[in-house]
Protein chains: 2
Amino acid sequence: MEKFLALSDEKQTLIRNAALSCFSQHGYEKASINDIAKMAGISKASLFQYFGTKQNLYEYLVEHSSTQMKAAYQEQALYANADFFDRVQQAIIMKIDNLKKNPYIAAFIISVAKEPSIEISEHIKDLMQEGEKHLHDLMLRDADLVKFKHPEDAPLLFRTLMHIGYGIVDEIEGVSDFDRIVCEMENILKMLKYHFYKEEYLL
Amino acid sequence: MEKFLALSDEKQTLIRNAALSCFSQHGYEKASINDIAKMAGISKASLFQYFGTKQNLYEYLVEHSSTQMKAAYQEQALYANADFFDRVQQAIIMKIDNLKKNPYIAAFIISVAKEPSIEISEHIKDLMQEGEKHLHDLMLRDADLVKFKHPEDAPLLFRTLMHIGYGIVDEIEGVSDFDRIVCEMENILKMLKYHFYKEEYLL
DNA sequence: ATTTGTATTGACCGAATCGGTTATTCGTGA
DNA sequence: TCACGAATAACCGATTCGGTCAATACAAAT
């Protein structure tokens, strides 16, 4: 492990991305060290030099990804003061930004949760649920309910936005056009805000 | 192949589902005949007795899945007459019903589109795009535009609903509670209809 | 230029698994 | 009891697996 951490940041990222991509695509068992080494452009022996065993590499990736994920959550807290729709928009932009900057972590986390080996996957599932609750509390605040034509719509609207978010993240996948998606998302939010808010709160 | 088609329908489905599940989880290369045979509860030799080669089995699954998918599209055409929101609701219910009855085909089709071997995957991508366009034309009809408070919202609202649909399908995954999701979907549509339609079209 | 220490790797290991074959066993109807 | 087709256990050579190790490439120090 120290051997790996002594590498330059770029090389670390290169190797991590290759491993994250392989593991998230194929799962722990079917992902092979050979594939990862080839994708990273280094020799298989180096990987074992850095991480010792396949399981060690995997566990390192799990920890690195969860801390990175938690950090992303922390960042979102900064924008807790604006209006409901603005907060949602900020959260989505940050999510997509994070996805652009670090494309493999989200897919990897999801793949870990699907692993049959229960030990780690349960822990990750907890982390994801916790993150979702965190997001819920951060977005949906009583102070905004008064702005709705029908305040009782708010929870269902929030769940709707979550569905949209999942759908959009799923559609992104490859090197898709982020800006176009962000733009469409902004238009969707603007449209929904217009219809769900009372006139006097449409700024 | 004739050997396989001579089997009882239940056994055919059992074997198909095992193969679809393995191929969609692991992709063509990493999915092994051993895994499929074990999951289907038959011997590996039988699989080769039925299909000859791995590639043959895969191609059979591709064709079977595309015809099944096309059949599902045809069925949807029956509901082309109702109101916009009713059509969308019907389409989602049918989609989820089909997903419940035939859980592995949708995931398999998506996995085929992701295959690096371009030959088949391109054909499947075309089929998916075609299906999406078919759905679009089926749902969004000029006759309904007059019911909207702002007719220009309709296309974006439709895209929003597509995002929601993707998100929900993605959330279903396992043996989740279909009825709960259908119910939530109905509530979401009712809410959106209320806010987007003119009062006189709320029946 | 030579030595030294280290980062990287090609070549290799036994074991497992791959796709595919074959010879035997099993089940059933005559 | 025999015969026949369906199913499979055992096996095939080839490849790949996770992992090791000795040789090489390379940079710093002398």
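Throughout, a chain's letter reflects where its sequence line sits, starting with A, and its residues are numbered from 1. What you see below is based on every heavy atom in this structure, not just the backbone, and it leaves out hydrogens, waters and symmetry mates.
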Residue [X], side-chain heavy atoms: nucleotide from [options] that is nearest:
{"X": "Phe48(A)", "options": "dA7(C), dG19(C), dT20(D)", "answer": "dT20(D)"}
{"X": "Asn34(A)", "options": "dC17(D), dT8(D), dT9(C)", "answer": "dC17(D)"}
{"X": "Lys44(B)", "options": "dA7(D), dT8(C), dC11(D)", "answer": "dC11(D)"}

Whole Å only: how far is the [atom1] atom of [X] from the [atom2] atom of [N]?
{"X": "Gln55(B)", "N": "dG19(C)", "atom1": "CD", "atom2": "C1'", "result": "12 Å"}
{"X": "Gln49(B)", "N": "dA9(D)", "atom1": "CD", "atom2": "P", "result": "14 Å"}
{"X": "Glu29(B)", "N": "dG19(C)", "atom1": "CD", "atom2": "C1'", "result": "11 Å"}
{"X": "Leu57(A)", "N": "dC17(D)", "atom1": "CG", "atom2": "C1'", "result": "15 Å"}
{"X": "Lys38(B)", "N": "dA16(C)", "atom1": "NZ", "atom2": "P", "result": "13 Å"}
{"X": "Ile15(B)", "N": "dT8(D)", "atom1": "CD1", "atom2": "P", "result": "9 Å"}
{"X": "Ile33(A)", "N": "dT20(D)", "atom1": "CD1", "atom2": "C1'", "result": "14 Å"}
{"X": "Leu14(A)", "N": "dT8(C)", "atom1": "CG", "atom2": "P", "result": "13 Å"}

5'-most contact on DNA chain C (nearest-nucleotide basis), Ala45(B) vs Lys30(B), goes to Lys30(B)

Does [X] make a side-chain N or O approach to OP1 or OP2 of [N] shorter than 4.0 Å?
{"X": "Lys11(B)", "N": "dA7(D)", "result": "yes"}
{"X": "Ser46(B)", "N": "dT8(D)", "result": "yes"}
{"X": "Tyr50(B)", "N": "dA6(D)", "result": "no"}
{"X": "Ser32(B)", "N": "dT17(C)", "result": "no"}

Classify the side chain of Lys54(B) and the base of dG20(C) as holding, or not holding, a donor-acceptor pair under 3.5 Å.
no

Suppose we call two aromatic rings close when their centres sit under 6.0 Å apart. Are Tyr104(A) and Phe23(A) close by that rule?
no

Requested in this report: Could you tell me if the ring centre of Phe85(A) sits under 6.0 Å from that of Phe196(A)?
Outcome: no

Would you mind classifying the nucleic acid contact of Ala31(A) as base, sugar-phosphate or nothing, using non-hydrogen atoms under 4.0 angstrom?
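Sugar-phosphate: the residue Ala31(A), judged by heavy atoms under 4.0 Å, touches backbone atoms but no base.
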
- Under 4.0 Å between a Lys/Arg side-chain N and an Asp/Glu carboxylate O for Glu122(A) and Lys125(A)? yes

- Item | Salt-bridge criterion met for Asp144(B) and Lys147(B) (N-O under 4.0 Å) | yes

Problem set entry | Main-chain N/O of Tyr201(A) paired to Lys193(A) side chain as donor or acceptor, under 3.5 Å |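 No; judged by distance alone, with no hydrogens or angles, the pair does not exist.
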
